[in-house]
Amino acid sequence: MSDPFDLSDVAPAPPLAPPAAPAYLDSLNDAQRAAVEATDGPVLVLAGAGTGKTRVLTTRLAHILDSGLAHPGETLTVTFTNKAAREMKERVEGLLGRSVEGWFLGTFHAMAARVLRRHAELVGLESSFTIIDTDDQLRLIKQVMVANDLDDKKWPARSLAAIIGRWKDRGLVPDKVSGDEAGEFANGRAVELYRQYQTRLAELNAADFGDLLLHNLTVFGRDAAVLAEYQQRFRYILVDEYQDANVAQYLWLRLLAQTHRNICCVGDDDQSIYAWRGAEVGNILRFEKEFPGARIIRLESNYRSTGHILAAASGLITHNEGRLGKTLYPASEALGDKVRVLGTWDGNDEASTVSEAIEALQRDGHALHEMAILVRAGFQTRAFEERFLQIGLPYRVIGGLRFYERLEVRDAIAYLRALAQPADDLAFERIVNKPKRGIGDASLRTVNLHARTRGIPLQAAARELIETDELRGRARKALAELLNNLERWRISRTTMALRELASIVLDESGYIEMWRNDRSVDAPGRLENLKELVNALDEFDNLESFLEHVSLIMENAEAVDNDMVNVMTLHGAKGLEFDSVFLPGWEEELFPNRRSLEEGGVTALEEERRLAYVGLTRARHRAVVLYAANRLTYGQWLSAAPSRFVAELPEDHVQRESVSAAYYAGFGDADAVDPTSFDRPSFGGRTSSWRRHTSHAPIPAIETQDHAPGTFAQGSRVFHQKFGYGQILAIDGNKLEIAFDKAGTKKVMDSFVNPA
DNA sequence: TCTCCGTCGCTTTTT
DNA sequence: GCGACGGAGA
């Protein structure tokens, strides 16, 4: 296998051949084309929502490769998500009509990991270092805090993790954190704890996500030759979603672009919604300073949304002060529907209003997967889920627990880590007593103590201890067996396929058995996931590449594109688009979110507003904003005022309606909205079932019934008032998946069916 | 080692 | 109002 870092194979760029302009350039508008063809020197592309940002980036890369300006290995293209990277790769290859190898295209983290594996020794790591996730990170931080006698009640480990994370985002190693930044935490000892945490990571031969970039900066700072090598190599650098870059990423890019200065960053300050995790919109402003003479190209022609939607979104975002200024123009003349703004009675009313609108659209022939419900916070999805289950509307919630985050999957991976990396104490601690082997806290403390005094990893310490009488009978025996097993699996590793190895490990360790014996409802699902994990191993050549994949690809496998309504957070929707978008929960406290405002003041309010802007601009043809007069908050019904964003939507482009007069009846604090602005005569234009009747449609009468657990069994026949007879395919708590004889397969709540 | 009970906190999240 | 987590006690 060729070493991807070997630079000797990189041919110098062939002389500039004058190619005929390929067809893909012709379909661009002037601004887009300028952004593609300005290959020489730094370029900043300010690309509004729906203006073809990805298109510009992919075409630019294709153009660079096609015209012979650079060899694939001389280009660096960075994105934030694996999904974006994959898309970029596919689209560029599509434009070129051939596959491309050897280029540096991927997420910031994946690219940084690639560099770091090659120069790990410069930061005191081995090339085989483990990339730990936030879970391990938190456990490690807790350990450091315990070692410092800090009360984790008073000083939560999460807060320290966040503080350290922010420092890393800003490119600050412990020595660089200035004294006055120490802050309140642990009476100003945060920097010291940060230092200790880094020491522990090095001892474990591990790096957290923030380290990947941070260590790169250290590597570049320590070895000028290494830096120069990469600076020489990357003739062209392309950056996606630049507004999301943190300072560390900015510094990284700045270093790498120094020699050739052909860097092209594409971003939109109005879509910056990740400041809370370190993104610095200021990077956009810095760009001009850092690269004097940088060309700035604005993409302002929006190809996505119809006129009213775009105007409503633009009107809203003008309430933000800190903007670079950009005007979006609709690419087509069509004004389309106005943005509908609906007041509802409460969260349930909101959910049924949305589901009725969805069903109406469906009857008009609109596909469900072209509709999305975008919420501010995760808990909001529940009301929609319940309602959809009730009426049997297919939906999928995007986000939530990812495959590799599941408890059982993480345990299984910990076994593999413990055998691949004997120094990986975190993995060892995770599996040492799973399943229960009688190695409890006391035994583990002894092992830990020994490891500390000897300065060796836990596994090595355990091995030494079982030769002594330090540990009592049962624990000693169990530990010996585990260590022997790990040793044996380690040997098998050389002769066995990965998949086979994993099944043997999971089987012989008793881990599978543990879940088989577990009587809880989710045990079967967990066994299923373990099977899936083992199957997934077939795609990897070796354990190392699998573990790298696991740590860098945290996303869910793309759901099969069944026709389902999408439910997700506004954050999760960035970069996506749908024909119809529903935006519920536009209420003060919820959106803009109170906690967010408390923490970040005006800056945070503007970020919330950008989030609203992102939500609206996801819609191609239809956008509906909803707010409820009453909302169940922490188990209490509270009356809610409409979001200030509702009032900020420009009047000419919205159609305000209230679902029922009931809105006012329950809405005591109506000062925030002008009631006269509601219930205006509906605006002209397309009339269809889309336009809803103002009266409150009754919820279809379906009798619900409580069933004792165990009433239903897989395979048994049931009757549903709306869907008729069917057979149970699967049971997930009180959700049933049923193949109805007439209505197809649907997920419903058990309270809506009876045994047939 | 397990289980029970009180306390807390409760926005967004890729890698 | 609910779930996670940690401490206490059997």
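To find a chain, count down the sequence lines: A is the first, B the second, and so on, and within it residues start at 1.
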*Under 4.0 Å: is that the gap between some side-chain N or O of A:K574 and OP1 or OP2 of B:dT13?*
no
*Would you indicate what A:D169 reaches in the nucleic acid, counting non-hydrogen atoms under 4.0 angstrom: base, sugar-phosphate, or nothing?*
nothing
_Euclidean distance, atom CZ of residue A:R158 to atom P of B:dT12 [Å, nearest integer]_ = 12 Å
*Using the benzene-type ring in the case of Trp, are the ring centres of A:H119 and A:Y230 under 6.0 Å apart?*
yes
_Could you work out, with side-chain contact (heavy atoms from CB on, under 4.5 Å) as the rule, every residue matching A:A536, not counting sequence neighbours?_
none
*Using a heavy-atom cut-off of under 4.0 Å over every strand shown, decide if A:E599 touches base, sugar-phosphate, or nothing.*
base
*asked:* Tell me the interatomic distance from A:Q380, atom CD, to B:dC10, atom C1', rounded to whole angstroms.
replied: 13 Å
*Identify whether any heavy atom of A:I132 sits under 4.0 Å from a base atom; if not, whether one sits that close to sugar-phosphate; answer base, sugar-phosphate or nothing.*
nothing
Between protein and nucleic acid, restricted to nucleotides 5-8 of chain C and to nitrogen or oxygen atoms under 3.5 Å apart, what atom pairs and distances do you find?
residue, atom, partner, partner atom, Å
C:dG6, OP1, A:K142, NZ, 3.4

_Non-neighbouring partners of A:L449 that pass side-chain contact (heavy atoms from CB on, under 4.5 Å), sequence neighbours left out_ = none
*Mind calculating the distance between CD (A:Q243) and P (B:dT14) to the nearest angstrom?*
16 Å
*Please give, in whole Å, the distance from B:dT14 C1' to A:M111 CE?*
15 Å
_side-chain N/O A:Y634 vs C:dG3 OP1/OP2, d < 4.0 Å_ = no
*Heavy atoms only: give me the nearest A:Q380-A:G585 pair and the separation to one decimal.*
NE2-CA, 3.7 Å
*Would you please confirm or rule out a distance under 4.0 Å between OP1 or OP2 of B:dT11 and any side-chain N or O of A:R594?*
no
*Quick one: does A:N82's side chain have a donor or acceptor within less than 3.5 Å of a partner on A:L552's backbone?*
yes
_Please tell me if A:N593 has a side-chain N or O lying less than 4.0 Å from either OP1 or OP2 of B:dC10._
no
_Expressed as a whole number of angstroms, how long is the span from A:F379:CZ to C:dG1:C1'?_
13 Å
*Rounded to whole angstrom units, what separation is found between the CG atom of A:L597 and the P atom of B:dT11?*
13 Å
*A:S596, nearest nucleotide to its side chain (from B:dT11, B:dT15, B:dT13)*: B:dT11
_Separation of the C1' atoms in B:dT13 and C:dC2, to the nearest angstrom_ = 23 Å
*So, do A:Y274 and A:H571 have ring centers that fall under 6.0 Å from each other?*
yes
*Establish, with yes or no, whether the OP1 or OP2 oxygen of B:dT11 is under 4.0 angstrom from a side-chain nitrogen or oxygen of A:R376.*
no
*A:Y274 side-chain proximity, nearest of B:dT13, B:dT15, B:dC10*: B:dT13
*Choosing from B:dC10, B:dT13, B:dT15, which nucleotide comes nearest the side chain of A:H109?*
B:dT15
*Given that A:I439 and A:E608 both sit by DNA chain B, which one's nearest nucleotide is further toward the 5' end?*
A:I439
_Sugar-phosphate only, base, or nothing, as touched by A:G438 at under 4.0 Å among non-hydrogen atoms_ = sugar-phosphate
*Side chain of A:T569: nearest nucleotide among B:dT13, B:dT15, B:dT11?*
B:dT13
_Does this structure show an ion pair linking A:D270 with A:R610, if we count only N-O contacts that are shorter than 4.0 Å?_
no
*When the distance from CZ of A:R166 to C1' of B:dT12 is rounded to whole Å, what number comes out?*
12 Å
_SB check A:R430 A:D135 (cutoff 4.0 Å)_ = yes
*Please give, in whole Å, the distance from B:dT14 C1' to A:I131 CD1?*
13 Å
